[in-house]
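So the structure is just underneath, and the comments pick up after that.
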Amino acid sequence: MDFDLVPPTGVGPLRIGMGRHAANTVLDSLRDLSAASESDRPGQHIFRPGGLMINIHCVRDMLEAIELGRPSSQTDRVLFQGVDVLALPACEVVRRVGEFTSIEEDPDDDASFIAPDSLLSFWRPFAAGEEPEEEQGHYFSSVLLARPGYYDTPAQAAERLQQSP
């Protein structure tokens, strides 16, 4: 199954801003009941048969962010503008995503990248060289799509509130 990242709207049927109950229902619908994982946590995350993890973050009964973790097989793909962000080498993902939106190294973690205009965040445990043998550092382990303002500092949040009509 393909999961298209569509910032700031959502991922597949999961929509940023939907209520917690609706998000839980959608998350549950993405489970494969014939191959349910013992690691599934209703209302938090599921693991699909190919290893793809889908995690939802709700605050004040509203879906604020969706995180997808790297699958162990190509049964499921996570795409942004046609780029398979968890299957391609991280350096290639950064280059190709950069063709559509700005993407920069996270100032607090040189293994992670943020596309602030698209509200996307890409994470891996460490930055590897160009050696694919170091798979955990060579590929992104997860991608997070968030609501506008998710990454704001308290000062930025206050400024955003002042600018709201």
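Residue numbers start at 1 and run along the sequence shown. Side chains are part of it too, since the values below use all heavy atoms of this structure and drop only hydrogens, waters and symmetry mates.
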P13 and M18 have their tightest heavy-atom pair at O-CE, 4.0 Å
What is the distance from atom CE of M53 to atom NE2 of H45, rounded to the nearest 0.5 Å?
7.5 Å
Would you say that E67 contacts H57 through its side chain, given a criterion of any heavy-atom pair below 4.5 Å between the two side chains?
yes
Quick one: CG on D117 to CD1 on I114, what's the gap to the nearest 0.5 Å?
11.5 Å
Nearest 0.5 Å, please: how far is CG in L88 from CZ in R77?
9.5 Å
Can you find a heavy atom in the side chain of L120 that is under 4.5 Å from one in the side chain of L5?
yes
Between N24 and Q44, does the side-chain contact (heavy atoms from CB on, under 4.5 Å) criterion hold? Intermediate values first, please.
CA-CA 8 Å; N24 291 345; Q44 293 178 1; over 6 Å; no
I want to check something: taking the side chain as every heavy atom from C-beta on, are P8 and L145 in contact at a cut-off of under 4.5 Å?
no
F80 versus T101: any side-chain heavy-atom pair under 4.5 Å?
yes
Shared ILVMFWY cluster between L79 and F3, side chains joined below 4.5 angstrom?
no
Quick one: does T9's side chain get under 4.5 Å of I16's, heavy atoms only?
no
Taking all heavy atoms of G12 and all of R15, pick out the closest pair and write down the distance.
O-NH1, 2.5 Å
Could you tell me if the side chain of R147 sits less than 4.5 Å from the side chain of L63, heavy atoms only?
no
Knowing that exactly one of V78, V26, I46 qualifies, which makes a side chain to side chain contact (heavy atoms under 4.5 Å, CB included) with I54?
I46
Could you tell me the separation between the CE atom of M1 and the CG atom of L30, rounded to the nearest 0.5 Å?
6.0 Å
Evaluate the side-chain contact (heavy atoms from CB on, under 4.5 Å) criterion for residues V11 and V6: first the C-alpha distance (whole Å), next the side-chain angles of each, then the deciding distance (0.1 Å), finally the verdict.
CA-CA 6 Å; V11 178; V6 184; over 6 Å; no
Establish whether V93 and I66 are linked, either directly or via other cluster members, by ILVMFWY side-chain heavy-atom contacts under 4.5 Å.
yes
Between atom CG of D76 and atom CZ of R48, what is the distance when rounded to the nearest 0.5 Å?
4.0 Å
Nearest heavy-atom pair of L86 and G69: which atoms, and what distance?
CD1-C, 3.8 Å
Would you compute the distance between atom SG of C58 and atom CD of E64 and round it to the nearest 0.5 angstrom?
8.0 Å
Mind checking whether V85 and F122 have side chains closer than 4.5 Å, heavy atoms only?
yes
Can you name the closest pair of heavy atoms from A111 and P125 and give their distance?
CB-C, 4.3 Å
Can you see which heavy atom on P7 is nearest to which on S118, and at what distance?
CB-O, 2.7 Å
Side chains of L14 and I56: does their closest heavy-atom pair fall under 4.5 Å?
yes
Looking only at non-hydrogen atoms, find the nearest pair between G51 and S72 and report the distance.
CA-OG, 3.8 Å
For the hydrophobic clusters of this structure (ILVMFWY residues joined by side-chain heavy atoms under 4.5 Å, transitively), does one cluster hold both V97 and F100?
yes
What's the verdict on side-chain contact (heavy atoms from CB on, under 4.5 Å) for F113 and W123, showing C-alpha distance, side-chain angles and the deciding distance?
CA-CA 7 Å; F113 285 79; W123 179 83; over 6 Å; no
Ring-face cation contact, Y139 with R70, 6.0 Å cut, 45° max:
yes
